[in-house]
**Q** 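Next up is a structure, given as structure tokens.
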Amino acid sequence: MIYLDNAGTTKLFDEVIKLCNDMLSEYFFNPSATYPSAVKVAEMINLARATIAKELHCLPEEIYFTSCATEADNWALEYGRKLKNGNVVISAGEHAAIYEAAMRLKSKGVEIRIAALNKDGTVNIKDIERLVDKNTALVSIIHCSNETGVVNDISTISQIVKSKSNAVFHSDGVQAFCKIPVNINDLAVDLYSLSGHKIGAPKGIGALYVKRNMHINPLIVGGGQERGLRSGTENTAGIVAFAKAVEIFNKYCDREKMAQIRNYIITRFRNIANVLINGEEGRNSYFIVSASVFGIKAEVLQNMLYQDGVIIGLGSACSAKSSENRVLSNLGRSKKEIEGNIRLSLSPMISMEEIAVAMEKIEKNINVLRGKI
Ligand code: PLP
């Protein structure tokens, strides 16, 4: 099976599975306990925190583990706001974890302002400039789109936000982390969300970067874990596995190879009539290619490819079940184009040979669906 839905979730690295087993069977102790075995687990958590912090170029104490990035995003929106009654600016390209959290704030009376997307898939910076004012409490702009792979210029956006307001600036970094170089100081964000299962760690582990000295209230209260900001007994296996996955992802991730693979996919799509690559002109992650294939139903193509040993995505897993796709419609894609939208998302372990086989099958099945074979 050639698996091309890695932006949905990833297969765990073998080393990560082994480490999870060890954590669950041998190092199962509660890290809050005081006996030596438990202290050892607490140390393992802090080593993991340091690894993730190193990857982001931040301090270990700026990392708070959560149950997933959805929690981190919800936390940022709910409690990151400085002016409790101020407006909140997001973009039309946000993941549902931000978009729905913003809609919930709206239902509580918070004014939500939504910045438009450019044709190339990036967030319209002029629109952000127009929407942010001195009453803005928080701005949240996705770093790398889970739909198109387009990368937003977060540091420029941050400069604009900070020059116009005292707003807290959050970015969802789930699809950027480990996949494009991320230096939190250059991005100049206050909050940044991460997820483990997009890079070879298990599902159910995420993190929120909280800039030092920034005050944020906890979303979940209780036993005071994570220095009082995220209660709940730590997902010890998930946390340690997350850090291990970062190390292994980096070990296998050859950015040059990934660039070649992405270019190859795009070239192959260009040779098929009536295929539009979404966000092709923008700055892109090498790990996602989103293509609108005219005149077919993506779900049918997905089923045919599954039979042929290739798994592809239909867009983000959260929007895959709905015929509406908020992000792609905001890019100006028609209903017909969205119906034929597929998303190929890569892991660093993929080879050019596998991609060549997958593209052969994708082309063949598109031709079958179009009645050409
Ligand atoms: N943000 C983005 C950009 C994502 O792609 C995802 C996962 O699809 C999430 C947030 C949610 O992550 P999690 O599954 O860890 O809650």
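One-based numbering, in listed order, for ligands and for the atoms of each. What you are looking at is a predicted structure, and each value in this text was computed from that prediction instead of being measured.
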**Q** Distance under 4.0 Å to a non-hydrogen atom of Ile142: what atoms of ligand 1 satisfy this?
**A**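 Those of ligand 1 that fall under 4.0 Å from Ile142 are 3 (C).
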
**Q** Do ligand 1 and Asn146 have nitrogen or oxygen atoms that lie under 3.5 Å from each other?
**A**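 Min N/O separation from ligand 1 is not below 3.5 Å for Asn146.
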
**Q** May I ask you to identify, for Thr70, whether its side chain, its backbone, both or neither come under 4.0 Å of ligand 1 on a heavy-atom basis?
**A**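 Thr70 to ligand 1: contacts from backbone and side chain alike.
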
**Q** Applying a heavy-atom cut-off of 4.0 Å, say which part of Ile98 lies close to ligand 1: side chain, backbone, both or neither.
**A**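 No part of Ile98 comes within reach of ligand 1.
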
**Q** Compare Ala207, Ser67, Ser171, Ala69 and give the one whose heavy atom is closest to atom 12 (O) of ligand 1.
**A**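 It is Ala69 that holds the nearest heavy atom.
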
**Q** Is Glu43 paired with Lys40 through a side-chain N to carboxylate O contact shorter than 4.0 Å?
**A**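 Answer for the salt bridge query: no.
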
**Q** Show the atoms of ligand 1 that are less than 4.0 angstrom away from any heavy atom in His197.
**A**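 Atoms satisfying the 4.0 Å criterion: 13 (P), 14 (O), 15 (O).
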
**Q** I'd like to know if Glu71 contacts ligand 1, where contact means a heavy-atom distance under 4.0 Å to any ligand atom.
**A**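 Distance cut 4.0 Å: Glu71 fails for ligand 1.
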
**Q** Aromatic ring centroids of Phe287 and Phe249 under 6.0 Å?
**A**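 Yes.
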
**Q** Judged by modelled atom types alone, do Ser193 and His170 share a side-chain donor-acceptor pair under 3.5 Å?
**A**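 Distance-only check passes for Ser193 and His170.
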
**Q** Kindly confirm or rule out a cation-pi arrangement of Arg230 over Phe65, judged by NZ or CZ under 6.0 Å from the six-membered ring centre and within 45° of its axis?
**A**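 The answer is no, since Arg230 fails at least one limit relative to Phe65.
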
**Q** Can you tell me if Ser91 and Glu94 form a side-chain donor-acceptor pair at under 3.5 Å?
**A**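 Their side chains do contain a donor-acceptor pair, which is all the 3.5 Å distance test asks for.
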
**Q** Using a strict cut-off of 4.0 Å, indicate which atoms of ligand 1 neighbour a heavy atom of Cys68.
**A**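 In order of number, 13 (P), 15 (O), 16 (O).
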
**Q** Glu147 and side-chain hydrogen bond (donor to acceptor under 3.5 Å, both in side chains): which single residue from Asn325, Asn278, Asn341 fits?
**A**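 Output: one option passes, namely Asn325.
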
